[in-house]
Number of protein chains: 2
Amino acid sequence: MAVTLADVAARARVSAATVSRVLSGNYPVAAGTRGRVLRAVEELAYVVNGPASALAAASSDLVGILVNDIADPFFGIIAGAVQTELSGAAQGGEKLAVVCNTGGSPERELTYLTLLQRQRAAAVILTGSASEDAAHARALTATLARLAEAGTRVVLCGRPTGVAAAAEATGAVPGESQGAEETREPGKARGAGKTPEADEAPPRVPLTALTTLAFDNRGGARQLTAHLIGLGHRRIGCVAGPAGRTTTGERLAGHRAALAAYGIEDTPRRTVHGAYDRASGYDAAAELLRREAGLTAIVAANDTAALGVCAAVRDRGLRIPEDVSVAGFDDLPFSVDATPALTTVRLPLQETGARAGRLAMGREERPPGGLATLRAELIVRASTSVPCP
Amino acid sequence: MAVTLADVAARARVSAATVSRVLSGNYPVAAGTRGRVLRAVEELAYVVNGPASALAAASSDLVGILVNDIADPFFGIIAGAVQTELSGAAQGGEKLAVVCNTGGSPERELTYLTLLQRQRAAAVILTGSASEDAAHARALTATLARLAEAGTRVVLCGRPTGVAAAAEATGAVPGESQGAEETREPGKARGAGKTPEADEAPPRVPLTALTTLAFDNRGGARQLTAHLIGLGHRRIGCVAGPAGRTTTGERLAGHRAALAAYGIEDTPRRTVHGAYDRASGYDAAAELLRREAGLTAIVAANDTAALGVCAAVRDRGLRIPEDVSVAGFDDLPFSVDATPALTTVRLPLQETGARAGRLAMGREERPPGGLATLRAELIVRASTSVPCP
DNA sequence: CTCGCGATAGAAAGCGCTTACTGAATCTGC
DNA sequence: GCAGATTCAGTAAGCGCTTTCTATCGCGAG
């Protein structure tokens, strides 16, 4: 039915081996022969059988990317950057990105990881926040370890917990992430010296196959809240992200750290959790305002939620930023176009995605210790101002 | 190194065939045996080797989705819906979505298609507008034909040209798309009767493997412009999408059809082309206003561009909608939150994506003639109103 | 001249899994 | 109880490609 290597070989009057060599190009083939083969390939419109070559060569050109929500620009930007990097490199050959939508579900995350392992993916990139549930963290670590063991490169993009758990599993102790673009050594990896006798040793997580690119969520949130406090705000509401997720925890911690630094009391009633969408932002802000009408500022879980917050504030007849300042997070493309333009914290999404892509292709060296924390930058725009009492 | 079927078989004290049968579950295996096998699989943490099984079974569980820009919610929504559908079905097994970012480049489109063919993808879904370039259309048709011939299901989602070209290639003549949710028979497919002698016949495009889900861009645009005209607007600017793309052409045609229906003269200077992003919208609107300060309304290529249009209008000191009405297209999630909320045309993105997913899995019957045009719905919000002279 | 070496091309052994075929029990109905 | 239907498990032949290991051909060195 389909054209195979053998067909090409027959047509070019060479052996299958030669055709294979011409196509993979890692073996000397005389120019004339190569030409004949290439012509035959052309004439027969031959396309390599991926599964077959993956089986024979024990390697594949698939790279998996796990995202929480593919319709969310946050992930779209990262995924886009990754893919550009994957296909940009002539060297190493075109890789195919497999984007998997977990919807934030730990189970689906595991399912996809297994599916990717089944495909013998060359690399796997996990993006976005992770569940803080211990049981899931353990299961995830185990799966990641199996993947790494099978030679799949693993890159965690914006999720520190993973590496912490994995490192913990191997006894290494990563320092507390905090600085920006700092990289630290979580204790030298134990020498992987060949121990012929220890053939039955428990499979240790090859930490060297795991790289983490973390966002400085905590620092960014701290800066943002500090900015608000600097403007004179004292009653600041917080629309936090989904409960039980690493990113939510980090941003909340930064927010509270700023509050604490300025000696401002923080009460639970000024925090409401919600998803990263407009409706959640709207509901959360409405709830916040109901609880305490005197709030002068609200920080949202991200820019999308901030849009909902703005709508809720306005529906209450309040002006932004005169009555209530509103701030987002992530600096998604549309936030500059919101009215008023959103003050937010910019995360280097594009850059991080590209870096993750390079790491996945093995085209970039992993940072020392396998961990790099990327700077978050405060972007002040029109949605925040001094409170007008 | 890795655990194989044979290892599991040995551990369960059965043959490899039996393990395979238990795992794929399409052959009777005694309950006891099945239990032993499953236990062994569990104990050894066995994961099927995808490439190997794909090779042996001559089938894969990969489904490719081509999008113009993965960071654009338009595609994100479609892709998300597709993926939900792919993994939602217990029946037929979990499929893996491979999302490919073409960036709107015809070459990359072809490249990805070849890459997917190499992986022997079970199905391929092409979304978004296509290039109107004839040479590319031909190349695309040829590639699609090869894919279809190899048994890959092909679904075109929001791009009518593809099927037209393919149909043309087989001699069928699809009627002019126009109605909403109408489906029509582009001439009965030629009987595919088995002709033993014709074994060397030129490979005909198996049209039955191709399905098109088209958006009624023309109708939507017509409604939108008619709405504007109905409000009293006569000088309407148009920020069209990228030149040379099917979607752009369709929307423009609808716009002009409405204009013509009301006897309003259309001049080229009221149309400017641009990309589907905010910056393009901004620039295009600025240009339009420079050319003709008296415009009372502007329709944008899509919601994202509309955001830019709004910004440009405001920067000129004009109010929306009092001085200039602005309308978008697609009804992306954020458009309801724009200020003022955007009047736009809703496209059933989610629904279409889901349908494409089902079609790709072979879980839904293709519409008669392989073509279904999906209704576009005018959504009137606050950004359009009667012109205030 | 003959030997040996570099440069190429071919032969063949799998890679791990699926799936006809077979084969051996265990059931049916008479 | 026995022929024939059933049910379940094993055998083995590939799927299409990669990759050793060999073989051949020239050609300059000895």
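Every value quoted in this text rests on a predicted model; they were computed, and no experiment measured them. Here is the naming used below: chain letters follow the sequence lines, and residue numbers restart at 1 for every chain.
- Within 4.0 Å (heavy atoms only), A:Ala17 reaches at least one base atom of the nucleic acid.
- Spacing between atom CG of B:Asn26 and atom P of D:dC8 amounts to 14 Å, rounded to whole angstrom units.
- A straight line from CG of B:Leu5 to P of C:dG16 spans 10 Å, rounded to a whole angstrom.
- DNA chain D is contacted by both A:Pro51 and B:Arg13; B:Arg13 maps to the nucleotide lying nearer its 5′ end (nearest heavy atom per residue).
- Within 4.0 Å of B:Val14, counting heavy atoms only, lie sugar-phosphate atoms of the nucleic acid but no base atom.
- The interatomic distance linking A:Arg34 (CZ) with C:dT8 (C1') rounds to 12 Å, in whole Å.
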Requested in this report: Please report the C-alpha distance between A:Leu66 and A:Glu109 in whole Å, then the side-chain angles of each, then the deciding distance to 0.1 Å, and finally whether the side chain to side chain contact (heavy atoms under 4.5 Å, CB included) criterion is met.
Outcome: CA-CA 7 Å; A:Leu66 266 59; A:Glu109 193 163 276; 3.7 Å; yes
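- Between B:Thr18 and the phosphate of D:dC8, there is no side-chain N or O to OP1/OP2 separation shorter than 4.0 Å.
- Residue A:Pro28 is the one, among A:Pro28 and B:Ala6, whose nearest nucleotide of DNA chain C lies closer to the 5' end (criterion: closest heavy atom).
- Regarding A:Asn49, its CG atom lies at a distance of 14 Å from the C1' atom of D:dG14, rounded to whole Å.
- Which of D:dT19, C:dT8, C:dG16 sits closest to the side chain of B:Thr4 comes down to C:dG16.
- Counting to the nearest Å, the P atom of D:dC15 and the CG atom of A:Asp7 are 12 Å from each other.
- You'll find that the side chain of B:Ser15 is closest to D:dT11, out of C:dA9, D:dT11, D:dC8.
- The distance from the CG atom of A:Asp61 to the CD atom of B:Gln119 is 5.0 Å, given to the nearest 0.5 Å.
- Taking only side-chain atoms of A:Ala30, from C-beta outward, the nucleotide of D:dG14, C:dC15, C:dA9 with the closest atom is C:dA9.
- Look at A:Arg36 and A:Glu43 and you find no salt bridge, because none of the NZ, NE, NH1 or NH2 atoms lies under 4.0 Å from a carboxylate O.
- Contact annotation: side chain of B:Arg21 to base of D:dT7, donor-acceptor pair absent below 3.5 Å.
- Looking at A:Glu85 and A:Arg355, no side-chain N of the basic residue comes within less than 4.0 Å of a carboxylate O on the acidic one, giving no salt bridge.
- Taking every side-chain heavy atom of B:Ser20 into account, C:dT18 is the closest of C:dT18, C:dG16, D:dC8.
- For A:Tyr27 against C:dA7, a side-chain-to-base donor-acceptor contact under 3.5 Å is absent.
- Between A:Thr33 and C:dT8, a side-chain N or O to OP1/OP2 separation shorter than 4.0 Å is absent.
- The CZ atom of A:Arg36 sits 12 Å away from the C1' atom of C:dT8 (whole-angstrom rounding).
- At D:dG16, none of the side-chain N or O atoms of A:Ser53 fall inside 4.0 Å of OP1 or OP2 (strictly under the cut-off).
- In this structure, A:Ser60 contributes its side chain and A:Arg120 its backbone to a donor-acceptor pair below 3.5 Å.
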